[in-house]
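Shown next, in C-alpha cells, is the structure this report addresses.
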Amino acid sequence: MIGALFPLAKPVLHALDPETAHHLTIRGLSLMPVPAAPKDDERLAVDAFGRGFPNPVGLAAGFDKQCEVPDQLLSLGFGFVELGGVVPKPQAGNPRPRLFRLTQDEAVINRFGLNSDGLDAARRRLSRRRDRPGIVGVNIGANKDSADRIADYVACVRGLCGLTDFLTINVSSPNTPGLRDLQGEAFLDDLLARCIDARELADEGRRRTTILLKIAPDISLETLDAIVATALKRGIDGLTVSNTTVARPDALKEKALAGETGGLSGRPLFRPSTRLLAQAFQRVERRIPLIGVGGVDSAETAWAKIRAGASLIQLYSAMIYKGPGLIGEIKRGLLEKLQAEKMSLPQATGRDAPDIAEGRF
Ligand SMILES: Cc1cc2nc3c(=O)[nH]c(=O)nc-3n(C[C@H](O)[C@H](O)[C@H](O)COP(=O)(O)O)c2cc1C
C-alpha cells in the first residue's frame with residue numbers, strides 16, 4: 001500500500017527540505033498499522049551468521065536513526081533492517097541543513113554527525129519489540145565529545161546485546177571528526193577485541209549477537225588488508241562495505257550541492273563501493289559473509305553486489321528517489337537473474353569478484 005502511495009507523495013516530499021521530508025516519512029510510518037511482511041520466494045532465502053534471512057535486501061543504517069519504526073520497515077518487504085547509528089549519550093549532531101538531495105545524480109550528501117536520542121532511548125524502543133519476528137540490527141558509534149571512544153562502542157554493545165540480532169561497529173562515518181581514524185590498525189584491534197569481549201559477557205546464556213564492522217570506501221588497499229586481517233583475527237562475524245564517500249566524482253551534475261561537506265551516497269557511490277566489496281571478498285576468501293551497500297537502486301545493481309561478493313545487500317538513498325516499491329522490484333529482478341543464470345544466490349556470490357576488483361564491470 002505504501003509502495004502505491006509513493007508516486008503521489010514523492011512530489012510533496014521532494015518539495016520540502018530533505019530532513020523535514022524524512023521526519024514526515026518516519027512519522028507516517030509510525031502511524032501505519034504493521035501488516036505481516038510479504039512472504040518471500042524460498043530461492044531468495046539466505047543463511048548467514050547462523051540466521052535465516054527471508055531475502056537478501058536490507059535497509060541500511062541512517063534511515064531509522066532513532067529506532068522508531070523497525071517493524072513497519074520490515075513490513076515493506078526488507079529481509080532485514082539496520083537501525084541507528086546510536087551513540088551512548090544523546091547528541092544533536094551538526095546544525096541544519098545537513099541533508100542534501102542531488103536529484104540529477106540520484107545521490108545524497110549528509111553530514112548529520114550521528115544525531116542520536118542516545119542508548120537509553122534505543123534500548124527502550126527496542127525492548128518494546130523484543131519478541132517480534134524479523135531480523136533487526138543496530139549501527140553503533142561514539143559520541144563526538146567522548147574522551148574514550150572505544151568505551152562508547154563497548155557501552156553500546158553491552159546495552160544492546162539481547163535486544164537486537166546484530167550490531168554494526170561504525171568506524172566509517174565521515175561526519176564525526178576523527179571517527180574514521182579508528183580504522184587504523186592498532187586502534188581497530190583494541191576496539192574489536194573489547195567489543196567482542198563485551199559481547200561474550202553480555203550474551204551469556206543467550207543467543208549470540210552478530211557483530212559486523214562497517215568500513216569506508218575511501219581507504220587504500222593496504223588499509224583494507226589490515227582491516228580484514230584484524231577483523232578475522234578478532235572474530236568479527238562479517239563486514240559491511242561501504243559507508244558514504246568523502247570523494248566528489250567529476251561527473252556529478254549538481255555542481256553547487258556537490259560542494260557541501262559530508263558523505264556522498266546513492267548512484268555515484270555504486271562503482272567505488274562495489275569495487276571495494278570485490279576487493280574485500282578476495283581478501284576474506286569466504287571466511288565471513290559480506291554485506292554490500294552503496295548505490296543499489298535496481299535489480300541489476302543488487303545483482304552486481306552479489307557477484308562482487310555480497311551475501312546480503314543494503315540500500316538507503318534509492319528509497320528517496322524510487323520509494324519502497326523498489327524492494328519488490330529488486331526481489332523480482334533477482335529471481336529472474338537466478339532463473340536465467342540457473343544458479344542459487346550462494347553460487348552467484350563472488351562469482352565476478354576478480355573482474356569487479358579490477359574495475360571491469
Ligand atoms: C542520511 C543518511 C544517514 C546515514 N547515517 C548513517 C549512520 O548513522 N551510520 C552508518 O553507518 N551509515 C549511515 N549512512 C550510510 C548508509 O548506511 C549507507 O552506507 C550509504 O548511504 C550507502 O548506501 P546508499 O548508496 O544505498 O545510500 C547514512 C546515509 C544517509 C544517506
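Read the numbers this way: they start at 1 and go in the same order the structure lists the ligands and their atoms. Bear in mind the structure is a predicted one, so any value in this text is a computation, not a measurement.
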Counting heavy atoms only, which of [options] comes nearest to [atom]?
atom                    : options                       : result
atom 8 (O) of ligand 1  : Ala107, Ser173, Gly85, Ala318 : Gly85
atom 18 (C) of ligand 1 : Arg111, Met319, Lys214, Glu19 : Lys214
atom 14 (N) of ligand 1 : Ala61, Gly58, Gly62           : Ala61
atom 1 (C) of ligand 1  : Phe63, Tyr316, Phe270, Phe100 : Tyr316

List the steps and the verdict of salt bridge (Lys or Arg N to Asp or Glu O under 4.0 Å) for Asp41 and Lys331. CA-CA 9 Å; Asp41 189 297; Lys331 292 193 288 188; over 6 Å; no

Same cluster (ILVMFWY, side-chain, under 4.5 Å), Leu24 and Leu29: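 No, it is not one cluster - the side chains of Leu24 and Leu29 are not joined through contacts under 4.5 Å.
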
Would a hydrophobic clustering, with Ile, Leu, Val, Met, Phe, Trp and Tyr connected at side-chain separations under 4.5 Å, put Val241 with Val171? yes

Result of checking Asp203, Asp165, Asp237 against Arg208 for side-chain hydrogen bond (donor to acceptor under 3.5 Å, both in side chains):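 So the option named by the test is Asp237.
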
Check: Asn110 N/O within less than 3.5 Å of ligand 1 N/O: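 No; the residue has no nitrogen or oxygen that sits under 3.5 Å from a nitrogen or oxygen of the ligand.
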
Using a strict cut-off of less than 4.0 Å between a Lys/Arg side-chain nitrogen and an Asp/Glu carboxylate oxygen, indicate whether Asp189 and Lys233 qualify as a salt bridge.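 Here Asp189 pairs with Lys233 in a salt bridge, since their nearest N and O are under 4.0 Å apart.
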
Test item, Ser242 contacting ligand 1 (heavy atom, 4.0 angstrom): yes

Phe361 ring centre to Arg271 NZ or CZ under 6.0 Å, with the angle to the axis within 45°?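 The answer is yes, since Arg271 meets both limits relative to Phe361.
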
Give the residue and atom name of whichever protein heavy atom lies nearest to atom 15 (C) of ligand 1, and the separation in Å to one decimal. Asn243 OD1, 3.4 Å

